[in-house]
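Below is one structure, written out as structure tokens; comments come after it.
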Protein chains: 2
Amino acid sequence: MVKDIQEYGGCPVSATLKVFGGKWKPLILYFISVDVNRFGQLQRMMPGCSKRMLTNQLRELEGDGLIDREVFAEVPPKVIYTLTSKGESLRPIFRELSNWGKMNLLHQSDKN
Amino acid sequence: MVKDIQEYGGCPVSATLKVFGGKWKPLILYFISVDVNRFGQLQRMMPGCSKRMLTNQLRELEGDGLIDREVFAEVPPKVIYTLTSKGESLRPIFRELSNWGKMNLLHQSDKN
DNA sequence: CAGGATCCACGTCGATACTG
DNA sequence: CAGTATCGACGTGGATCCTG
């Protein structure tokens, strides 16, 4: 979790990437944004992500204020994850990253 | 280095982040973009990055087509790194990431 | 259901020494 | 100057078992 932007040599790009980068956070944010918002659901969508990993990543996203965690006092337990407005504000960035990836990584079976 | 976008569950966002994310790549790309383009210079700008790391990251960036590596047959050896057009095309993304970071990470000394 | 706790295998990375 | 090679410490993360 990001506490101080100075941690990254004062580079706001690195700091931002730290907040939602990594192997799972983009996917988690995407799924939550389309209302796949329960722990078990998320786990099923990302079989390669262990429970431990998923928990950690969710905690970090929560700590960085990108998602909310709402606990319902029921049996069995129920937890709902939703994007905060800060999380929502990443959407344009995601869109650009996605476009760039499709343009530059998908359509290049000729290279290499 | 990224060879297949499918490696990331088909998520173009993750794939793109893989290409220029991490602790050093954004900084390296930034410095190269402002003509800090020699190995030794880069090293001096990022004292926390070991030679081994710097070499690896430069090779990956080169392999992913974001930078060019030009070798001059001189003594002492001289190598110049420059952004490719593909590397240049990341600029708008960088700008947005930077803005987001400044807005959401820098101006929040109140939060924890 | 949604995790927490523990253990340990694995990969990553820094430090050091060496080279064209 | 711009790297490469090797070694070993360290952290990350999977597997497994346990809990409210």
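The distance from atom CG of Asn56(A) to atom P of dA2(C) is 17 Å, rounded to the nearest whole Å. Rounded to an integer number of Å, the gap from Lys78(B) NZ to dG3(D) P is 14 Å. Regarding Gln43(B), its CD atom lies at a distance of 10 Å from the P atom of dG3(D), rounded to whole Å. The distance between atom CG of Leu58(A) and atom P of dG13(D), rounded to the nearest whole Å, is 14 Å. Phe72(B) places its CZ atom 18 Å from the C1' atom of dG20(C), with the value rounded to the nearest Å. The CG-P distance, from Leu42(A) to dC1(C), rounds to 14 Å in whole Å. Regarding Glu70(B), its CD atom lies at a distance of 13 Å from the P atom of dG3(D), rounded to whole Å. One atom, CD of Gln57(A), and another, C1' of dG3(C), lie 15 Å apart when rounded to the nearest Å.
Taken to the nearest 0.5 Å, the SG atom of Cys11(B) stands 7.5 Å off from the CZ atom of Phe94(A). A distance of 13.5 Å separates CG in Leu17(B) from NZ in Lys23(A), rounded to the nearest 0.5 Å. Note that OH of Tyr81(A) and CD of Glu70(A) are 11.5 Å apart. Values are rounded to the nearest 0.5 Å. Note that OG of Ser50(A) is 8.0 Å distant from CG of Asn56(A), once rounded to the nearest 0.5 Å.
Two different hydrophobic clusters hold Val75(B) and Ile80(B) under the rule that ILVMFWY side chains link at heavy-atom gaps under 4.5 Å.
Nearest heavy-atom pair, Ser33(A) versus Leu83(A), reported as atom, atom and distance to 0.1 Å: CB-CD1, 3.6 Å. Taking both residues in full, the closest heavy atoms of Leu42(A) and Leu54(A) are given as CB-CD2, 4.0 Å, listed atom of the first, atom of the second, then distance. Residues Lys102(B) and Pro12(A) share a closest heavy-atom pair of CE-CG, 4.0 Å.
Of the charged side-chain nitrogens involved, at least one lies within less than 4.0 Å of a carboxylate oxygen, so that Lys25(B) and Glu60(B) count as a salt-bridged pair.
Closest approach to the Arg69(B) side chain among dT4(D), dA2(D), dA2(C) is made by dA2(D) (side chain taken as heavy atoms from C-beta onward). Comparing dC1(C), dG14(C), dG3(C) by their closest approach to the side chain of Pro76(A) singles out dC1(C). Looking at the side chain of Arg59(A), the nearest of the listed nucleotides dG20(C), dT4(D), dG3(C) is dG3(C).
Checked by atom type and distance alone, the side chain of Thr84(B) never pairs as donor or acceptor with a backbone atom of Asp68(B) at under 3.5 Å.
Residues from residues 44-53 of chain A that place a heavy atom under 4.0 Å from any atom of DNA chain C, listed by number: Lys51(A), Arg52(A). Near DNA chain C, meaning a heavy atom under 4.0 Å from it, residues 29-39 of chain B has no residue at all.
More than 12 heavy-atom neighbours from other residues, nucleotides or ligands sit within 6.0 angstrom of CZ on Phe31(B).
Note on Tyr81(A): only backbone sugar-phosphate atoms sit closer than 4.0 angstrom, heavy atoms only; bases stay farther off.
Between Trp100(B) and Phe20(A), the ring planes lie perpendicular to each other; the angle is over 60°, past the 30° to 60° tilted range.
Between the axis at the start and the axis at the end of the helix from dC1(C)-dG20(D) to dG20(C)-dC1(D) there is an angle of 50°, using five pairs per end and rounding to 10 degrees.
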